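Here the structure comes first, spelled out in structure tokens, and everything after it is commentary.
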Amino acid sequence: MVTNYKLQTKEMPELPEVETIRRQLAEELTGYRFVDVKTEWEKSFRPSFKEVTAAIKDKTIGKIDRQAKLLIFRLDNNLDLLFHLKMTGRLLVRKPDEPTDEYTRSAFTLKKGSDIKELRFVDSRKFGFVKLIKSKEEINKLLASYGPEPLKDLTLAKFSETLKSSSRPIKLVLMDQGKISGIGNIYVNDALWLAKINPKKPAKKLRPDEVKELFGAIEKVLKEGLKYGGASDQWYRQVHGEEGKYQEHFLVYGRNGEKCSRCGETINRIGFGGRGTFFCPKCQKENRER
DNA sequence: AATCGTTCCTGATAGC
DNA sequence: TGCTATCAGGAACGAT
């Protein structure tokens, strides 16, 4: 019986991927105006395709922000258009006459003066969505439901307090967008390996030195992800279709069956909390001594 | 308030 | 080789 076969990984856009896209979209689309929208999957529009298209018609894209894995197009003071890529979403900027991109679900035609661009929302799995927010109160409430941003407003003190308040496994707490913004399955696995912490260890049981190490590890892996423009193991692409390169630098994510680069033990993969969990059984023991 | 289970989807793969 | 069943997963939602 084969027990050590390599299972496929399914990378998904997390903070470094969405931030990479945000920067490129801001560069490409600021000042462009929505003139038309086409879709083959109305269900991805919230509250509805009709309502979204009516509201954004002739509106100009101001700032493009990001909170956690959510992209926020600021159209005017009381109107925001949100995109969530979930697992397989892509936002591609093309000229209207460029060849079709497979799995394009919606296409937004944008104009600035006589220049025309097309923003294509590509999403094979159809989990992603486009959401219209029509008031300041509503957007503020939504953004307030997210935890602080690593690399921005998450402090070690706040991080420590958050972990102390939960008995859940550390991996699940880190991925909880209400606790901390932007961390998904790739970076959580790599950060926990870097900090030598077992994914199942209850958050409140982490020692202060582990909390500090983990805080640093999170910053480090997210910065690496950003540096390489995200991870394109499978679906993720930047706005012109380019791949990111972080997949060449995964620490443990997707490396089950390979040797741990620190101790030589075989990287393990277990199912946990509904997703693949990669770790080194030797250097990430649950009750590791200092 | 915190936590847990279910659901949405379809491409890729395992297993025969 | 070709078919079919299973797996993958972020987060909204409802239940506890």
Side-chain angles (χ1 to χ4, degrees), chain A residues 1-19 21 39-48 66-72 82-91 101-106 121-133 138-139 141-147 149 161-190 199-205 222 225 230-237 247 250 253-257 269-278:
Chain A
M1 174 160 173
V2 182
T3 54
N4 206 20
Y5 59 90
K6 176 118 180 174
L7 288 166
Q8 71 173 123
T9 55
K10 306 262 188 165
E11 98 296 340
M12 72 289 313
E14 306 178 29
L15 188 154
E17 287 75 23
V18 181
E19 178 61 20
I21 290 171
T39 191
E40 59 161 50
W41 189 244
E42 294 199 6
K43 274 179 80 173
S44 66
F45 287 78
R46 302 175 189 177
S48 70
R66 178 190 59 77
Q67 174 73 53
K69 305 168 194 173
L70 201 58
L71 284 161
I72 307 159
L82 315 184
F83 287 87
H84 200 305
L85 304 176
K86 288 289 182 87
M87 266 92 70
T88 59
R90 296 173 176 169
L91 280 170
D101 291 288
E102 204 179 4
Y103 310 121
T104 296
R105 306 304 183 190
S106 304
F121 187 31
V122 174
D123 188 17
S124 104
R125 208 60 67 81
K126 295 180 172 174
F127 279 17
F129 62 79
V130 186
K131 183 173 180 169
L132 181 74
I133 302 280
E138 204 185 336
I139 189 72
K141 192 179 159 195
L142 180 69
L143 297 186
S145 72
Y146 287 95
E149 283 279 327
E161 185 191 314
T162 299
L163 299 195
K164 272 190 201 118
S165 73
S166 177
S167 55
R168 300 166 75 202
I170 182 64
K171 188 190 181 204
L172 300 184
V173 176
L174 296 182
M175 291 180 75
D176 185 338
Q177 304 303 303
K179 299 267 195 294
I180 298 159
S181 280
I183 302 173
N185 205 29
I186 294 173
Y187 297 94
V188 75
N189 278 289
D190 277 7
K200 287 189 172 175
K201 185 161 181 169
K204 59 165 64 164
K205 292 205 169 171
L222 292 176
S232 291
D233 215 21
Q234 192 178 20
W235 288 104
Y236 165 72
R237 292 293 183 278
Q247 68 279 9
F250 285 156
Y253 182 80
R255 295 200 182 279
N256 49 308
R269 179 197 190 275
I270 56 170
F272 167 48
R275 31 196 87 70
T277 298
F278 305 87

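Predicted model only: the values in this text are computed from it and were never measured. Heavy atoms only: backbone and side chains are in, while hydrogens, waters and symmetry mates are out.
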Between A/Arg125 and A/Thr88, is there a donor-acceptor pair closer than 3.5 Å when you use the side chain of the first and the backbone of the second?
-> no
Protein-nucleotide distance (A/Asp123, atom CG; C/dA11, atom C1'), rounded to Å = 14 Å
Value in whole Å for how far the P atom of C/dA8 lies from CD1 of A/Ile186 = 16 Å
OP1, OP2 of C/dG10 versus side-chain N and O of A/His84: anything below 4.0 Å?
-> no
Ring centroids of A/Phe127 and B/dC8 base under 5.5 Å with planes under 30° = yes
From CE of A/Met12 across to P of B/dT10 the rounded distance in Å is 18 Å
Any side-chain N or O of A/Arg269 less than 4.0 Å from the OP1 or OP2 oxygen of C/dA8?
-> yes
For A/Lys164 and B/dA1, give me the distance from atom NZ to atom P, rounded to whole Å.
-> 22 Å
In whole angstrom, what separates A/Glu14's CD from C/dG10's C1'?
-> 10 Å
CH2 of A/Trp235 versus C1' of B/dT13: gap in Å, rounded?
-> 14 Å
Among the nucleotides C/dG9, B/dT10, C/dG10, whichever has the atom closest to the side chain of A/Lys86 is C/dG10
Within this structure, what is the NZ-to-P distance between A/Lys171 and B/dC4, rounded to whole angstrom?
-> 14 Å
Is a donor-acceptor pair below 3.5 Å formed from side chain A/Arg125 to base C/dA8, judging by atom type as modelled?
-> yes
What is the nucleic acid contact for A/Asn185, judged by heavy atoms within less than 4.0 Å: base, sugar-phosphate only, or nothing?
-> sugar-phosphate
Is a side-chain N or O of A/Arg255 found less than 3.5 angstrom from the main chain of A/Gly257, in a donor-acceptor match?
-> no
Between atom NZ in A/Lys126 and atom P in B/dT7, what is the gap in whole Å?
-> 20 Å
Of the nucleotides B/dT3, B/dA12, C/dG10, which has the atom closest to the A/Ser167 side chain?
-> B/dT3
Choose from B/dC9, C/dG10, B/dT3 the nucleotide whose nearest atom is closest to any side-chain atom of A/Lys43.
-> B/dC9
Hey, does the side chain of A/Ser166 come within less than 4.0 Å of B/dT3's phosphate (OP1/OP2), counting only N and O?
-> yes
Spacing of A/Ile170 atom CD1 and A/Met175 atom CE [to the nearest 0.5 Å] | 12.0 Å
Evaluate salt bridge (Lys or Arg N to Asp or Glu O under 4.0 Å) for A/Asp101 paired with A/Arg90, printing each intermediate quantity in order.
-> CA-CA 10 Å; A/Asp101 291 288; A/Arg90 296 173 176 169; over 6 Å; no
Just call it for A/Gly184: base, sugar-phosphate, or nothing, with non-hydrogen atoms closer than 4.0 Å on any strand.
-> nothing
Side chain to side chain contact (heavy atoms under 4.5 Å, CB included) partner of A/Lys69, chosen from A/Met12, A/Lys86, A/Gln177 | A/Gln177
